[in-house]
Amino acid sequence: MSQLSSGICRRLNEAPQEEIEQLASGHTVQLLSVKKVSPTTNTTAPTDRYRIIISDGVHFIQAMLATQLNDLVTAGEINKNTVVVIDRLACNFVQDKRLIIVLDLHVVSRDEEKIGTPTAPPAFQEAPAPADAQVTPSFVASPAASSSMAQAKQPQTRTGPPGRSGKSVYPIEGLSPYQNNWTIKARVTQKSDIRTWSNQRGEGKLFNVTLMDETGEIRGTAFNTVVDDLYDRFEEGKVYYISKARVNLAKKKFSNIQNDYELSLEKNTEVEECLETTGVPMMKYSFVPLSSLEELQKDHTCDVIGIVKEVGPIGEITSKASNKTIPKRDLTIVDKSQYSVRLTLWGKQAEQFTADDLPVVAFKGVKVGDFGGRSLSMVSTSIMSIAPDIEEAHLLRGWYDGIGSGESFQSHSSALSGSSFGGFNRNEMRHLSDVKESQLGMSDKPEVFSCRATIAHIKSENISYPACPTQDCNKKVVDVGDGWKCEKCDKTFERPEYRYIMSMAVADWSAQAWLQGFNEAGLVVFGKTADEVHEIKENNEAEYNALMAQSTGVTFNFSCRAKQDTYNDQTRVRYGISKIIPLDYREEAKHLVELLKSSWAK
DNA sequence: CCCCCCCC
């Protein structure tokens, strides 16, 4: 049985803030409960938050799990009765309540019984709240109800750690709207240009910064006169103490920063450069190989690192929406996965990019597009770093200068890959009922979708046609007695080459649909050439029927093209097979495991 | 209070 750090819960419940954060590390506690906090009413679907109850065997207290630890819950690493060591925590004071946030922990043991019979610690009276406080928040208040609390004044009695008088440095991960007396120490990883806007609600100007510390990232925005005050104070890459900014709920739709909140930099916001920058990381990347870009959904963001193999000329486009002209420049980057992808720079970055010495460039938060299969584009929150001093960059440099420069690179637009050119995209799988209900293909242009379905029936009367054997002709040829004539090639051949043209009913759990398949589909379904099957059909009806029977009931992954078609004044959608892939059960199982681990499974 | 991120 584990030895718990008895007494720690009572101390966490009573100690003043500056002591709590020093109490933080090394205490062994048992989790009596790990529960998701009921979602807030806002519609932006913030990250899940977990409330935990920690016990030292004598007393128990409530705390919150930092969202960066959510994976521990979803992966089943921690749950009821898990014994853990708290490595780091933070404490928020919300008027007379304290909110403990566990920032880091590690598991000591699982499958324990509840240790001891812990009780709630004796009531403890915090320093009295100021008289102008109006709201008494519950333990975890809804962020929607937070604006009045964010204004609540708090006693300023803290002394803080050495290095900065009167201020304790607060982790970005722990920031919330419930408290306004904090100072973060953060690196500016990205600073936008000053942007102006004008709409029915008014006009103005703004800029954004992305701030990062060891615990997380947050976006900060300044408007109008604050732009004049602060824009020149921030320099990308430098570290600042920042305090007295307002913490608002982030509208996650508009940014890929991993934080439910964002900062509004205001008139009285304090910004002070910090030269002591140890422990403040330069940048956090999560690189994806260029080969796997097609697994990402269009419009999602990702981090990539590559060699800039080609620098396109500076160009200009005219935005359809705003009618503005914007400079652009396309780069082609390649990586170890032996793929290449086009990446577009905009504006100043497009104009100023000159590197022609095949540099390593890292990109954070670039947007995935589907032009040419897959493409990448810088957006305002993206960060480009030329020849960054990180391990991945050095490895890539070494690989390219050694063997990479001699390799050839696959582009996403090749017929073999790329979702918009007949590739199968697991992340954009549709159910057949959904395909039909959403009237895919009813618009002017064809639309593609992927699905998994089982062959229920193959129209067996006519599955192939006699085709011209000329490479890439494929036209139907006619029997002219002494041979087979192709009108297009104006040639007569001794024998045609049969090609599949088949119509088959497929079904998934939701619906059935008729799919049209051509030669490639037939080869996969029957495992024989159309010539061979034609031969069987002519000579052995029983064998032909057996082949048809054995080819039904088989499941495939498909990628299809839905297209409108008018025949006899009737317009309907036809689904063409652009790719048919036999199931790889190892691959399917791997995907299911990933699905079980994801928040979807909850 | 923005939130557009463009084009082919």
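Below, read A as the first sequence line, B as the second, and so on, with proteins coming before strands; counting in each chain starts at 1. What you see is a predicted model; the values in this text were computed from it and never measured.
Here B:dC2 is the nucleotide among B:dC8, B:dC2, B:dC6 with the atom lying nearest to any side-chain atom of A:Arg195. Among the nucleotides B:dC8, B:dC5, B:dC2, the one closest to any side-chain atom of A:Trp197 is B:dC2. Closest approach to the A:Ser319 side chain among B:dC6, B:dC1, B:dC4 is made by B:dC6 (side chain taken as heavy atoms from C-beta onward). Residue A:Ile326 places its side chain closer to B:dC6 than to any other of B:dC7, B:dC1, B:dC6.
Within 4.0 Å of A:Lys367, counting heavy atoms only, lie sugar-phosphate atoms of the nucleic acid but no base atom. Residue A:Gln349 is classed as having no contact, given no heavy-atom separation below 4.0 Å to the nucleic acid. At the heavy-atom level, A:Lys324 lies nowhere under 4.0 Å from the strands shown. Among the heavy atoms of the strands lying under 4.0 Å from A:Arg342 is at least one base atom, whether or not backbone atoms are also near.
Atom pair A:Leu345:CG and B:dC8:P shows a separation of 19 Å (rounding to whole Å applied). In this structure, A:Arg219 places its CZ atom 13 Å from C1' of B:dC1, rounding to the nearest Å. Between A:His300 atom NE2 and B:dC5 atom P there is a gap of 15 Å when expressed in whole angstrom units. Atom NZ in A:Lys251 sits roughly 8 Å away from atom C1' in B:dC3 (whole-Å rounding). One atom, CE of A:Met384, and another, P of B:dC5, lie 20 Å apart when rounded to the nearest Å. Between the C1' atom of B:dC7 and the CG atom of A:Leu343 lies a distance of 15 Å, rounded to the nearest Å. Distance CG (A:Asp330) to C1' (B:dC5): 14 Å, rounded to an integer number of Å. Separating the CZ atom of A:Arg329 from the P atom of B:dC5 is a distance of 23 Å, rounded to the nearest angstrom.
Side-chain atoms of A:Lys328 and base atoms of B:dC7 include a donor and an acceptor less than 3.5 Å apart. With hydrogens and angles ignored, no donor-acceptor pair under 3.5 angstrom links the side chain of A:Glu203 to the base of B:dC2. Contact annotation: side chain of A:Glu316 to base of B:dC6, donor-acceptor pair absent below 3.5 Å.
Checking A:Asp389 against A:His394 by side-chain atom types alone, a donor-acceptor pair falls below 3.5 Å. Between the side chains of A:Ser559 and A:Ser578, a donor-acceptor pair is found at a separation under 3.5 Å. When only modelled atom types and interatomic distance are considered, A:Thr210 and A:Gln190 share a side-chain donor-acceptor pair under 3.5 Å.
In this structure, A:Lys436 is not positioned above the aromatic face of A:Tyr575 in the sense of NZ or CZ being under 6.0 Å from the six-membered ring centre and within 45° of the axis.
Ring-base stacking between A:Trp346 and B:dC6 is not satisfied when judged by a centre separation under 5.5 Å and a plane angle under 30°.
Residues A:Leu230 and A:Val271 are in side-chain contact: their nearest non-hydrogen atoms beyond the backbone lie under 4.5 Å apart.
Checked against a 6.0 Å centroid threshold, the rings of A:Tyr240 and A:Phe234 count as neighbours.
Of the residues near DNA chain B, A:Ser380 and A:Ser375, the one whose nearest nucleotide (by heavy atom distance) lies more toward the 5' end is A:Ser380.
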